[in-house]
Amino acid sequence: MAAFPESLHLVLGEEELLVERAVRAVVASARAADPTVELRRIKVSELTAPELDEMLSPSLFSEGQVVALEAAQEAGKEIAEAILAHARQPAEGVILVVVHSGGGRAKQAKELPNALRKLDATVTECRKIAKPAEREAFVRDEVRRAGGRIDPAGVSALIETVGSDLRELSSAASQLVADTDGRVDEQAVRRYHQGRADVTGFVVAEKAVTGDRAGALEALRWALQLGVPHVLIADALAESVRTLGRVAAAGSNDTYRLASELGMPEWKARKALGQARGWNRAGVAEAMRLTAAVNADVKGQAADASYALERTVLRVIDLRAR
Amino acid sequence: MERSETGHAPDPLGDVPSGGPEPATGVWSEIVGQPDAVHALVAAARAAALRVRGESGDTGAMTHAWLFTGPPGSGRSVAARAFAAALECTAVSGDTPGCGQCSACRTVLSGTHADVQVVVPEGLSISVSEMRSLVQAAARRPSTGHWRVVLIEDADRLTEGAGNALLKAVEEPPDRTVFLLCAPSDHPADIPVTIRSRCRPIRLRTPLAGPIAEVLQERDGVPAESARWAASVCGGHIGRARRLATDPQARERREAVLRIPLGLQRFSDVYSAAGELVRLAEAEATAANEARDEAEKEELRTAMGGGGTGKGTAAATRGANAALRELEKKQKSRATRSQRDALDLALMDLAGFYRDVLATRFGSTAPLNHPDCARDVSKAATEWTSETALRRLEAVLECRTALARNVKPLFAVEALVATLHQ
């Protein structure tokens with residue numbers, strides 16, 4: 001058992017797919033050395049310290065095992081200390097994988113990752129992918145893993161139509177590579193995927209306040225089709241109108257000053273300033289009334305919330321044109 | 001919910017109290033400026049006492065279900081509690097039940113009498129499950145007192161299902177059970193017609209400034225001048241008058257609200273004024289709930305064995321987390337309601353201002369809602385037309401409706417202030 005992998009692993013982050021992969025990778029490398037290795041997973045919150053001791057003791061017949069401690073951020077003081085004690089003196093043939101979200105309530109649980117790092121744990125970062133650029137990089141990596149290549153237009157088309165769920169993106173990527181000869185471009189994506197996966201209320205609102213009638217209606221229909229709650233769309237509409245109203249009322253073109261005065265990020269102020277063109281004061285006031293009214297409509301006042309939203313979007317666009 | 005009384009000033013030409021001598025002794029002294037209601041309730045309490053003793057008397061005076069209606073702050077729940085105390089009163093001397101001295105009276109007024117069930121909804125509504133368990137309790141015979149009393153404050157917060165559950169009990173009441181419901185009005189929006197038709201109404205009027213000022217002086221020890229001031233600006237709301245007289249922050253909040261009508265110069269003022277209004281309401285709600293929320297949480301944690309060590313504590317804590325979440329949900333509902341109530345008070349002050357402007361423009365001699373803002377009011381009355389004042393008043397009232405319909409407070413208030421600015 002010479003080529004056994006490191007006996008202490010820390011999987012840090014919340015992105016489920018990546019966490020799963022990291023655990024599998026550890027198991028795979030352990031099995032490469034010893035095919036009889038077993039994987040045992042258990043949630044930390046279901047454990048007591050003595051049970052943990054038992055799990056992490058070397059087995060009588062010295063077969064190897066991988067113990068994955070899931071949700072380590074919920075560990076209490078005792079468990080956290082027990083984990084660290086084992087990490088300091090690992091038993092032979094036992095590989096410990098601590099899966100930790102990075103957060104945690106108890107003090108010991110929060111400090112667990114750092115303590116494990118100090119003990120030379122192999123760390124795999126699995127942070128939630130939130131930024132568009134990271135998601136694009138993920139898609140490119142997935143296609144490469146499946147043995148294909150994808151161009152930037154293909155990446156954005158795939159994200160637009162499949163959405164932001166990593167599992168779905170991953171399976172779509174490997175499927176596309178299998179369906180094509182490995183070269184994935186926008187055309188290939190469009191051949192297999194149609195429609196839009198992600199339309200938020202803010203996309204609808206943005207198109208409405210900039211007067212894009214066709215675009216706003218299309219986005220609204222897609223959003224409703226995809227099951228975006230009516231309330232979120234109504235809130236986004238009201239929020240957009242009030243933001244552009246506030247920016248316009250402040251009467252300044254200096255986006256940095258606006259941002260600090262109104263307590264919003266600079267990009268938001270810049271965007272709202274752009275949207276404010278074509279609006280006058282009376283129009284904004286009327287749009288505020290409309291969006292407040294539709295807020296009640298989507299919360300049970302209107303017989304048909306979808307219709308109420310559509311009517312409000314159209315009226316807001318009319319107000320801008322005036 | 002309280003949509004029936006909107007911005008009405010105390011009516012100076014209110015009807016003269018009819019009926020016999022008004023006993024202002026014992027528990028009845030709690031009821032401020034409501035001679036008619038007290039008269040009817042005393043008669044009922046006397047008849048009830050006779051029935052308990054097995055004697056015949058004015059049999060029509062007592063009944064099994066009562067509906068107390070009146071504008072907010074007129075003392076609906078106070079009147080209902082006083083009546084409950086009179087029903088349970090054990091004093092033998094005198095012919096007016098409700099001495100306020102015996103242990104039954106005192107326990108009812110402090111809310112600990114075994115036979116008086118009080119429902120005070122702290123959340124947004126009264127649920128059907130809550131009502132079902134209450135109905136069950138109502139079916140039992142009184143244990144220590146003469147009557148089993150079920151008192152529901154804010155019966156307008158009954159959900160439809162809860163109302164129906166209650167209806168069954170009100171329809172066929174047990175012999176010695178009395179239901180006391182309180183609601184802003186007997187409008188179907190407030191109380192289901194099916195329940196209303198089975199209750200005897202007690203209508204409370206808006207108390208006049210005089211009696212309110214007296215109560216503030218006598219019961220709360222407020223100096224005469226500030227008592228008179230608070231009574232004159234409270235719009236007939238006794239609790240609000242007390243708060244204004246005793247809490248400087250409440251006074252500041254009111255002043256901030258009343259600065260809005262003449263303070264809207266530029267369009268950007270709309271956003272700052274609306275933000276301020278909502279922020280004040282939030283601050284008021286948090287101030288009212290914060291200490292209590294934390295104390296409740298700590299209590300629950302201790303009860304669920306928090307901080308314990310040893311085998312099995314992890315499992316116990318998991319159960320505790322669920323209970324804690326449940327409590328947090330309840331507290332959130334309570335916070336939403338206090339915030340909404342605080343905002344509603346602010347809107348009522350605002351509506352009062354526009355009503356004053358209208359009254360001044362028409363040359364009415366009716367007392368103003370905000371006599372201390374008379375200068376602002378007359379300035380506005382010369383600058384605005386009646387039409388714009390009315391339009392603004394209506395916008396305020398629409399905003400109240402919108403808030404009751406769960407519109408996000410910031411959106412509703414901003415839309416309102418945008419209208420006020422125009």
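What you see below is based on every heavy atom in this structure, not just the backbone, and it leaves out hydrogens, waters and symmetry mates. Chain letters run A, B, ... following the sequence lines, proteins first, then strands; residues in each count from 1.
Both the backbone and the side chain of B:Thr419 come within contact range of chain A, each with at least one heavy atom under 4.5 Å from a heavy atom of that chain. Neither the backbone nor the side chain of A:Asp297 comes within contact range of chain B; no heavy atom of the residue lies under 4.5 Å from a heavy atom of that chain. Only the side chain of B:Leu410 comes within less than 4.5 Å of a heavy atom in chain A; its backbone stays farther off. Of the two parts of B:Gln422, only the side chain, counted from C-beta on, holds a non-hydrogen atom closer than 4.5 Å to a non-hydrogen atom of chain A. For B:Arg405, the parts lying under 4.5 angstrom from a heavy atom of chain A are both the backbone and the side chain. In this structure, the portion of A:Glu78 lying under 4.5 Å from any heavy atom of chain B is its side chain and not its backbone. Heavy atoms of B:Phe267 lying under 4.5 Å from chain A belong to its backbone as well as its side chain.
A salt bridge is defined here as a Lys NZ or Arg NE, NH1 or NH2 lying under 4.0 Å from an Asp or Glu carboxylate O, and B:Lys297 with B:Asp293 fails to meet this definition. A salt bridge links A:Glu206 to A:Lys271: one of the charged nitrogens lies within less than 4.0 Å of a carboxylate oxygen.
Within the 3.5 Å criterion, the main-chain N or O of B:Lys329 finds no donor-acceptor partner in the side chain of B:Ser333. Between the A:Lys299 side chain and the B:Asn406 main chain, a donor and an acceptor come within less than 3.5 Å of each other.
Annotation: the span from B:Glu328 atom CD to B:Leu324 atom CG amounts to 5.0 Å, rounded to 0.5 Å.
The cationic group of B:Arg392 lies under 6.0 Å from the six-membered ring centre of B:Trp384 and within 45° of the ring axis, placing it in a cation-pi geometry.
For chain B, the option among A:Ala248, A:Ala287, A:Gly245 with the highest count of heavy-atom pairs below 4.5 Å is A:Gly245.
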